[in-house]
Student: 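Dropping the structure in here first, questions after.
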Amino acid sequence: MESVANQQKSLKAILTEKKDHRRVLLIYSRDDAQHYSLEQQEALNEERAGLDERDLDVIVLVASLVMEPDRQFLMHDYKLNPSDNFVAWLIGKDGGVKQTYHKPIDVKELFRTIDSMPMRKQESKQ
């Protein structure tokens, strides 16, 4: 799992680099709701092999550490409401948002969602 807090690149640039190669679970939480983010990260850490198998990267954002250009990007492109305590976006290899979650997601459900995607079905056949 990675954080963009100390990155030199913008969130948009990071997501653009991953496009066509990796899926992304982008997790955002307000500072006073980090327990949701930590709960999600713990569940995902227990399923590392499943993340790797599905080419899924996890990026974690905490509101106070998000730079203003990235916040604007999230609000414009991902419809982030700054009052949301927790939001996770499942982003496909095509760069599109496949699912938005407002509470921590069960990892098995997340994997079922990914496994039902046409590109993932094609990958599984290879």
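Count residues from 1 along the sequence. We use all heavy atoms of the structure for the numbers below, so side chains are in, but hydrogens, waters and symmetry mates are not.
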Student: So V107 and L51, do their side chains get closer than 4.5 Å, heavy atoms only?
Tutor: no

Student: Calculate, to the nearest 0.5 Å, the distance between atoms NE2 and NZ belonging to H21 and K93 respectively.
Tutor: 9.5 Å

Student: For residues I91 and K19, determine if any side-chain heavy atom of one lies less than 4.5 Å from a side-chain heavy atom of the other.
Tutor: no

Student: With S37, which of Q41, Q34, Q40 fulfils side-chain hydrogen bond (donor to acceptor under 3.5 Å, both in side chains)?
Tutor: Q41

Student: Should M75 and L11 be counted in the same cluster of Ile, Leu, Val, Met, Phe, Trp and Tyr side chains packed under 4.5 Å apart?
Tutor: yes

Student: With the threshold set at 4.0 Å, does a side-chain nitrogen-carboxylate oxygen contact exist between R23 and D57?
Tutor: no

Student: To the nearest 0.5 angstrom, please state how far the CG atom of D70 sits from the CG atom of L61.
Tutor: 7.5 Å

Student: Hey, could you give me the CD/CD1 distance between Q99 and I114, rounded to the nearest 0.5 Å?
Tutor: 10.5 Å

Student: I want to check something: taking the side chain as every heavy atom from C-beta on, are V58 and L26 in contact at a cut-off of under 4.5 Å?
Tutor: no

Student: How many angstroms lie between atom NZ of K98 and atom CG of L110, to the nearest 0.5 angstrom?
Tutor: 14.0 Å

Student: Enter the distance from M67:CE to S10:OG here, rounded to the nearest 0.5 Å.
Tutor: 11.5 Å

Student: Are L90 and M117 close enough, and set up right, to give a side chain to side chain contact (heavy atoms under 4.5 Å, CB included), and what steps lead you there?
Tutor: CA-CA 12 Å; L90 176 59; M117 295 176 181; 3.5 Å; yes

Student: Can you confirm whether K79 is buried at NZ, in the sense that more than 12 heavy atoms of other residues, nucleotides or ligands lie under 6.0 Å from that atom?
Tutor: yes

Student: Can you list everything that forms a side-chain hydrogen bond (donor to acceptor under 3.5 Å, both in side chains) with E68? Sequence neighbours excluded, please.
Tutor: R71, Q72

Student: So do Y36 and N85 actually touch side chain to side chain, heavy atoms under 4.5 Å?
Tutor: yes

Student: Side-chain contact, heavy-atom cut-off 4.5 Å: I27 with I59?
Tutor: no

Student: Got a salt bridge between R54 and D115, using NZ or NE/NH1/NH2 to carboxylate O under 4.0 Å?
Tutor: yes

Student: Does any non-hydrogen side-chain atom of Y101 lie less than 4.5 Å from one of T113?
Tutor: yes

Student: Go through the steps to decide whether V24 and W89 satisfy the test side chain to side chain contact (heavy atoms under 4.5 Å, CB included), and finish with yes or no.
Tutor: CA-CA 8 Å; V24 175; W89 296 272; over 6 Å; no

Student: Does the side chain of V97 come within less than 4.5 Å of D77's, by heavy atoms?
Tutor: no

Student: Can you tell me if D106 uses its side chain to pair, donor with acceptor, with the backbone of E109 under 3.5 Å?
Tutor: yes

Student: Quick check with a 6.0 Å cut-off and a 45 degree axis cone: is R30 positioned over the face of F86's six-membered ring?
Tutor: no

Student: Run the ring-ring contact (aromatic ring centres under 6.0 Å, His included) test against F73 and tell me which residues pass, sequence neighbours left out.
Tutor: Y78

Student: Looking at OH of Y28 and CG of L80, how far apart are the two atoms once the value is rounded to the nearest 0.5 Å?
Tutor: 5.0 Å

Student: Does a salt bridge link E17 with K9, judged by any charged N lying under 4.0 Å from a carboxylate O?
Tutor: yes

